[in-house]
Amino acid sequence: MRTAAIDRNYGAAREAYALRGVDTEEALVTLSSVPLSLPCWQGDDIGGFEKGASGAPGGGLQVTGGHPGKARTIEELQSDLETGLSLIPGRHRVNLHAMYGDFRARPADRDAVEPDHFLPWADWAEERGLGLDFNATCFSHPLAESGFTLSHRDRAVRGFWVEHVRRCRIISAFLGRRLGSACLNNLWIPDGSKETPSDRWAPRERLRESLDAIYAEALESELLRDSLESKLFGIGSESYVVGSHEFYLGYALSRGKMLCLDLGHFHPTESVADKISSILTFFPELALHISRGVRWDSDHVAVLTDELLDLAGELVRGGRLGRVRLALDFFDASLNRVAAWVIGARAVLQALLRALLEPAERLRRLEDEGDRTAWLALREAAKTLPWGAVWDAHCLRRDVPPSDSWLAEIRAYERRTLSERGGDGGS
Ligand code: RNT
Ligand code: ZN
């Protein structure tokens, strides 16, 4: 669309919102300040760069599709991320996993990873003014094949994973310091079983001990934050997951850690949006993994669903946007992987924009007055307000293509770069 048309449409939209008591300019200032953390693992189907990596992540994580052009090296992944980031309005972050270090000169098993393995990422992020977040990789490894890691019955196996996660915190602290931006060190483990175990207690007791050993080191600071991600079930852990929501709720609250809620890690009809006000009543902050489960925790690319709108509304209405860390978590190999980042991130930003443009004050007043009829009428009317015109204007101001015109740049990148890599990553 022409710039002039976008300007014109925006002018009309601005007026339409003003009539409802909404300042679109203010909404755009807030929107511009929200960072999203992009999952590096969407770029290579959670393959990672370790020597001898099998290619399948395990731990119940399943990536489907074989679109050509998968990133095979750090440099390729960085180039893909740069392309994706250039098409998403705002300043964002990249979420790394321990398996994405540079192990070419100094191979290391998981219990030997060090900050040096992540220097190419730190240098790259520093040069581009990006923040980095980090995750321990407790899957895709022979010692995770039993389905248990930090709660494994064998002390030696537990010790291996404790050492891995302990080191991941050191790496996160390094990245946070180096970039001057708090690195979120998130922990998710696959531990669980296909059948209901006779003993649900012992693995949870062991997980608590392992976590206490990991967090014993007082590394947490303004530049390192720890979060723990629960799960309901996984492929191979259908009946029992050691790190359940209740487990981490108790652990995090008692230890001063942050919770991470993944949209795919609850019963399909359970609302994560509804949990936020309960959690933030007791916790200072909350981390979110924005994912889209289809029938199960399938990690589809985020799109503008009612669920996402509801979540964004909850964060914005409560004025709690500053207390959440938003990360995307999906992996889809059935489409252009760079486009997946762009589609997912733009959807999350659009959901936030729609929430920021809600006639919130009026709705709240009607609710307080108990006028349910007017409240519902206004809420429905607000859905038809021209938020798309505000979005397009935002894109132009932030120097990214509006609407779906960003796709042309992805296609050009695909022709120029991705096609050189061959089918299914060329390997
Ligand atoms: C798995 C969790 C976890 C992973 C990433 C790759 O169910 O959602 O966050 O997706 O660590
Ligand atoms: Zn997740």
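All ligand and atom numbering here is 1-based and tracks the order in the structure. No hydrogens, no waters, no symmetry mates; every other heavy atom, side chains included, goes into these values. Throughout, residue positions are numbered sequentially from 1 according to the sequence presented.
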Verify salt bridge (charged side-chain N to carboxylate O under 4.0 Å, His left out) between Asp226 and Arg255, making sure each step is shown before the conclusion.
CA-CA 11 Å; Asp226 294 307; Arg255 306 298 197 273; over 6 Å; no
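- Within the 3.5 Å criterion, the main-chain N or O of His152 finds a donor-acceptor partner in the side chain of Arg158.
- Taking the six-membered ring for Trp and the full ring otherwise, Phe134 and Phe118 have centroids separated by under 6.0 Å.
- Protein N/O/S atoms found under 2.8 Å from the Zn ion (ligand 2), listed by chain and residue number: Glu229 OE2, Asp262 OD2, His289 ND1, Asp329 OD2.
- Between the side chain of Arg167 and the backbone N or O of Val113, at least one donor-acceptor pair lies under 3.5 Å.
- Side-chain atoms of Arg337 never come within 3.5 Å of backbone atoms of Trp41 as a donor-acceptor pair (strictly under, hydrogens ignored).
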Please tabulate, one line per pair, the protein N or O atoms found under 3.5 Å from any N or O atom of ligand 1, giving the distance to one decimal.
{"residue": "ligand 1", "atom": "7 (O)", "partner": "Lys231", "partner atom": "NZ", "Å": "2.7"}
{"residue": "ligand 1", "atom": "7 (O)", "partner": "His265", "partner atom": "NE2", "Å": "3.0"}
{"residue": "ligand 1", "atom": "8 (O)", "partner": "Glu229", "partner atom": "OE2", "Å": "2.9"}
{"residue": "ligand 1", "atom": "8 (O)", "partner": "Asp262", "partner atom": "OD2", "Å": "3.0"}
{"residue": "ligand 1", "atom": "8 (O)", "partner": "His265", "partner atom": "NE2", "Å": "3.1"}
{"residue": "ligand 1", "atom": "8 (O)", "partner": "Asp329", "partner atom": "OD2", "Å": "2.8"}
{"residue": "ligand 1", "atom": "9 (O)", "partner": "Glu229", "partner atom": "OE1", "Å": "2.8"}
{"residue": "ligand 1", "atom": "9 (O)", "partner": "Glu229", "partner atom": "OE2", "Å": "3.1"}
{"residue": "ligand 1", "atom": "9 (O)", "partner": "His289", "partner atom": "ND1", "Å": "3.2"}
{"residue": "ligand 1", "atom": "9 (O)", "partner": "Asp329", "partner atom": "OD2", "Å": "3.0"}
{"residue": "ligand 1", "atom": "10 (O)", "partner": "Asp329", "partner atom": "OD1", "Å": "3.1"}
{"residue": "ligand 1", "atom": "10 (O)", "partner": "Asp329", "partner atom": "OD2", "Å": "2.7"}
{"residue": "ligand 1", "atom": "11 (O)", "partner": "His97", "partner atom": "NE2", "Å": "2.7"}

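- Between the side chain of Ser33 and the main chain of Thr30, a donor-acceptor pair closer than 3.5 Å is present.
- Between Phe139 and His97, a ring centre-to-centre spacing shorter than 6.0 Å is recorded.
- Checked against the 6.0 Å centroid criterion, the rings of His141 and Trp161 qualify as a close aromatic pair.
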Does the pair Gln78 and Trp121 meet the rule for a side chain to side chain donor-acceptor pair (under 3.5 Å), with working shown?
CA-CA 8 Å; Gln78 290 175 342; Trp121 284 108; over 6 Å; no
